[in-house]
Amino acid sequence: MDVTFLIDSLNDTQRQAVTAPSKSMLILAGAGSGKTRVLVHRIVWQIQVEGLSPHSILAVTFTNKAAAEMRERIEKLLNIPTRAMWIGTFHGLAHRILRRHAQQAKLPDTFQILDSDDQLRVIKRLLKSMSIDDKKWPPRQVQWFINAQKDEGLRANHIADTGDYFVKQMLVLYKAYEDICNRSGLVDFAELLLRAHELLRDNPDLLHFYQRRFRQVHVDEFQDTNTIQYAWLRLLTEGQDNLFIVGDDDQSIYGWRGAKIANIFSFQKHYPNHEIIRLEQNYRSTGNILHAANKLIAHNSNRMGKQLWTDAGEGELISLYSAFNEQDEAYFVVERIKQWIEKDGLKQDVAILYRSNAQSRQFEERLMTAAIPYRVYGGLRFFERAEIKSSLAYLRLLSNRNDDPSFERVVNTPTRGIGAKTMDSLRDLARSEEISLWDASTALLKQDFFTARASNALKKFLQLINDLEFLCEELELFEKVKLVGEKCGLIELYKKEKDDRGEARIENLEELVNAARGFDYHADNEENLNELDMFLAHASLESGEMQGANSDDCIQLMTLHSAKGLEFKQVFMVGLEEGLFPSGQSVDDIARLEEERRLCYVGITRAMEQLYISYAESRRLYGKETYPSPSRFLREIPAEFTQDVRIRANITQPSAKKQSASLASQSTYRAGQKVSHPKFGTGLVLQIEGEGKQEKVQVNFNGGRKWLMAAYARLEIL
DNA sequence: TTGTTCCAGCTTTTT
DNA sequence: GCTGGAACAA
């Protein structure tokens, strides 16, 4: 068979990775080195050359987007449908396994997925019902604890009671939370993984079945796997030496949510026959950008080690801009973007990358005044919007009456006279009898427990759900979604809202109907789900890059985290200040600081042609003026790869020269000097900090002490 | 039940 | 300094 099309477009190391005989392999793939290409070609190689059935391929990613891209590219190369291949996210695949073997996993057939928002609600309810002070035990912290345990593969009864007050309380809550989930038939994200792991571990027959089925297991972004994910991979590949992992330890930026770079080291130990291949040739960035990235990341210890290189030439120097404040920074960036656009650059090739979402504001305002279209990534996803979640909650109740969070969510939305008192009674009974709110409702109604008014209201709600199920029975999925939206009263509710928010919500509900209409359902799905349940699972597992539909040419604004995996011709990495980037909360801990550095490395390596790095000498943060010092990462990028930019004079000069010059410069101010300021009047200089452009002077005016930027304050020495 | 006021908190995010 | 949530009043 002619397979030249598979290997012709690859470089030597890529080809080596793709064509290696079947065994465990670790592909250390640097940024922009073609890792997805290797993964895709490897899979196709195994099918076309090694003769593997598509059926025996397992490929795992972290995001739906990555999974979709992989599937698409394989399909293009193979020219056959890829449905037989298990390509998906850890969560998606775990969900599939649990559906197929719900009974063995000790789950009801109707089990539903609890997303993190719902999870938090459940925990809040739980704290209330146990009369626990949520000031002392913040629900978010409880949620974090539970998820962290599950990510480590630990159940409440696995955790040693050390007598520690905190752990003791957390364990009580963990147990109580698990009871609720089991009673309601709910599985949270971490539980999907944990349950799937336990299912395979405790059912050898099942495990052997899957081990035999998956002849090759491929993992993308392996550096992001957590303990339970790696444990799951190990079970599936036990004794088979068939784990093919692709990753980059230098791009591990999710340690804070449980990812373990150490899994890469464990892999080397657990799969002694493995081969390591480094992909170091970069096809994305110019030389200067790569040198800077290499030098920066070299400051980290505990690396596998890698040097990116390119044969594309050195390209432009990296531009550094020292802004007066955050507004000046935004002004500068937008000016440069204007120039880019004037030279016929596409807006979608430009990205502004920041450490924290709050930083987007300045840039949005500036872009808005400049009438440049932009798009901010992050924020609420489609399926996470309140109106969508409410609508879905009705649908979920149709499938599973015991879904308490959904019951809580919509029982009085729109308001139908079921108030706090009624709900308290229901919750009490549900808790003491260990039944669902739905069952508690029917029980209390039977006993004539409520006043006539409450009783009628509640009866009407139960009736509504039952009626809806009956009415929906014969309908197409999108008709069901439409009908529920109309009958449950959400649309009327939003029509009443004054501002155009209500209108937007109604539009979203209509969009949900469209999503249902376009939903790609296969009756022979491996999850054994009917169409509605499949749609609901889809909504939870894939909260929806519906925003991706917006393909207009616009400037991209996003956090450094969300930029991973993307590339742009022109990149602005902004806010390079101590306390902001690296985050003030990470500087005391070497491991966390190194993660910040990796984040910076990710940022630099997003740039293909032009990279601008900026910082502000003064920044308003939480309503207070701050004077951060430039980020340590700036010092870690050698000056030979950078140039300083002055926007006002529009002069650039090499950083190296400027630095030596500024070392010699001396302050014109001295403590004790009398100075005058156009706005604050006269005062005495108290102290001086920094030098050159960053020089700050503290002056004691009549109105109080003030820190001023010497270069801008227009102080006059008296 | 809705609107107002007060108060804490304030990286990063996918599933 | 802004936001979201909770507590409170009408």
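Quick note: numbers below take in every heavy atom, side chains included, and nothing from hydrogens, waters or symmetry partners. Within every chain, numbering begins at 1; the chains are lettered A, B, ... in the order of the sequence lines, protein sequences first and strands thereafter.
- Heavy atoms of A/Asn64 sit under 4.0 angstrom from primed sugar atoms or phosphate atoms, though from no base atom.
- C/dG5 and B/dT12 have their P atoms separated by 16 Å, given to the nearest Å.
- Here A/Phe62 and A/Phe90 bring their ring centres to under 6.0 angstrom of each other.
- A donor-acceptor pair is defined here as one N or O able to donate and one able to accept, closer than 3.5 Å; such a pair exists between the side chain of A/Ser184 and the backbone of A/Ile180.
- Across the protein-nucleic acid pair, A/Leu127 atom CG and C/dG5 atom C1' stand 15 Å apart, rounded to whole Å.
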In the 5'-to-3' direction, what one-character label does each nucleotide of nucleotides 7-13 of chain B receive under the scheme B = base within less than 4.0 Å of a protein heavy atom, S = sugar-phosphate only, - = no such atom? ---BBBB
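- With hydrogens and angles ignored, a donor-acceptor pair closer than 3.5 Å exists between the side chain of A/Ser116 and the base of B/dT15.
- Contacts of residues 139-153 of chain A with DNA chain B (heavy atom under 4.0 Å): none.
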Report the C-alpha separation of A/Tyr210 and A/His101 in whole Å, then their side-chain angles, then the decisive distance to 0.1 Å, and conclude whether the ring-ring contact (aromatic ring centres under 6.0 Å, His included) test is met. CA-CA 12 Å; A/Tyr210 282 109; A/His101 315 285; 5.6 Å; yes
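- B/dT11 and C/dG4 have their P atoms separated by 15 Å, with the value rounded to a whole Å.
- Looking at A/Ser614 and A/Glu329, their side chains do bring a donor and an acceptor atom within 3.5 Å of each other.
- For the pair A/Glu578 (side chain) and A/Ser631 (backbone), a donor-acceptor distance under 3.5 Å is absent.
- Remark: C1' of B/dT15 and CG of A/Leu380 are 16 Å apart, rounded to the nearest angstrom.
- A donor-acceptor pair shorter than 3.5 Å cannot be found between the side chains of A/Ser129 and A/Arg427.
- Put simply, the residue from A/Lys389, A/Arg385, A/Arg140 that forms a salt bridge (charged side-chain N to carboxylate O under 4.0 Å, His left out) with A/Asp117 is A/Lys389.
- Checked by atom type and distance alone, the side chain of A/Asn525 pairs as donor or acceptor with a backbone atom of A/His522 at under 3.5 Å.
- Spacing between atom CD of A/Gln327 and atom P of C/dG1 amounts to 13 Å, rounded to whole angstrom units.
- Between the P atom of B/dT15 and the CG atom of A/Asp117 lies a distance of 16 Å, rounded to the nearest Å.
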